[in-house]
Amino acid sequence: MPPNTALYRLQGLANGEVALYSNEGAKIVIRREKIIEVECDEYQVKCKRYQVQAEERACFETPMLSTSQALSAEGPISGHGGMTINGGGGSGGALCGGY
């Protein structure tokens with residue numbers, strides 16, 4: 001008897017939308033209006049360079065954002081709730097477009 005794949009099928013896809021999904025709930029959905037949704041417990045990318053070009057903004061909704069090396073900004077850094085800076089040594093490395 002074939003497995004009941006209907007248990008895992010994604011619901012609510014519009015005509016023209018495509019999805020890849022696992023039985024554990026991870027999914028990639030290509031939606032209309034050029035939207036790609038990814039849902040998983042951990043998202044890993046391994047590459048030599050990773051570049052994001054966002055015409056309007058890039059938003060991270062997370063309680064913590066960190067880097068293991070230098071962080072560079074070509075514009076002002078602003079925030080709410082204070083800022084803590086430890087150590088010194090100036091900036092390192094090239095900016096994203098400078099490779």
Side-chain angles (χ1 to χ4, degrees):
M1 214 167 159
N4 186 357
T5 57
L7 291 173
Y8 307 112
R9 286 213 173 122
L10 296 177
Q11 303 296 315
L13 293 177
N15 285 339
E17 295 183 339
V18 178
L20 270 93
Y21 56 91
S22 73
N23 65 341
E24 296 178 323
K27 64 181 177 180
I28 300 171
V29 182
I30 301 174
R31 300 243 183 234
R32 298 178 54 80
E33 300 183 24
K34 298 182 180 181
I35 296 172
I36 299 175
E37 294 176 0
V38 177
E39 187 174 325
C40 59
D41 289 339
E42 186 171 333
Y43 188 76
Q44 298 179 355
V45 176
K46 292 185 180 186
C47 59
K48 289 186 178 185
R49 293 183 182 96
Y50 185 78
Q51 183 173 347
V52 176
Q53 293 181 356
E55 289 182 15
E56 294 180 13
R57 67 180 180 157
C59 181
F60 295 88
E61 294 182 21
T62 180
M64 170 112 158
L65 183 62
S66 64
T67 175
S68 63
Q69 295 291 319
L71 174 65
S72 299
E74 288 189 15
I77 298 174
S78 62
H80 302 283
M83 181 180 285
T84 302
I85 300 174
N86 293 316
S91 66
L95 299 174
C96 288
Y99 47 48

Chemist: What residues, two or more places apart in sequence or in another chain, satisfy side chain to side chain donor-acceptor pair (under 3.5 Å) together with Gln53?
Modeler: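 Result, side chain to side chain donor-acceptor pair (under 3.5 Å) vs Gln53: none returned.
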Chemist: Does any N or O in the side chain of Glu17 come within less than 3.5 Å of the main-chain N or O of Arg32, such that one atom is a donor and the other an acceptor?
Modeler: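 Yes, because the side chain of Glu17 sits within donor-acceptor range (under 3.5 Å) of the backbone of Arg32.
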Chemist: Who are the side chain to side chain donor-acceptor pair (under 3.5 Å) partners of Gln69, not counting sequence neighbours?
Modeler: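 Partners of Gln69 under the side chain to side chain donor-acceptor pair (under 3.5 Å) test: none.
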Chemist: Taking the side chain as C-beta and beyond, is there a heavy-atom pair between Leu13 and Gln11 under 4.5 Å?
Modeler: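 They are not in contact (no side-chain heavy atoms under 4.5 Å apart), so the answer is no.
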Chemist: Under 4.5 Å between side-chain heavy atoms, hopping through other hydrophobics if needed: is there a path connecting Val38 to Val45?
Modeler: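 In one cluster: yes.
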Chemist: In Å, rounded to the nearest 0.5 Å, how long is the span from CD of Gln44 to CD of Glu42?
Modeler: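 It comes to 4.5 Å.
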Chemist: Are Ile36 and Ile28 close enough that some pair of their side-chain heavy atoms sits under 4.5 Å apart?
Modeler: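 Side chain of Ile36 against side chain of Ile28, heavy atoms only: contact under 4.5 Å found.
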Chemist: Just how far is it from atom CG of Leu20 to atom CD1 of Ile30, taken to the nearest 0.5 Å?
Modeler: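 Result: 7.5 Å between the selected atoms.
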Chemist: Give a yes or no answer on whether the side chain of Thr67 reaches the backbone of Leu71 with a donor-acceptor pair at less than 3.5 Å.
Modeler: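 Checked: no pair found.
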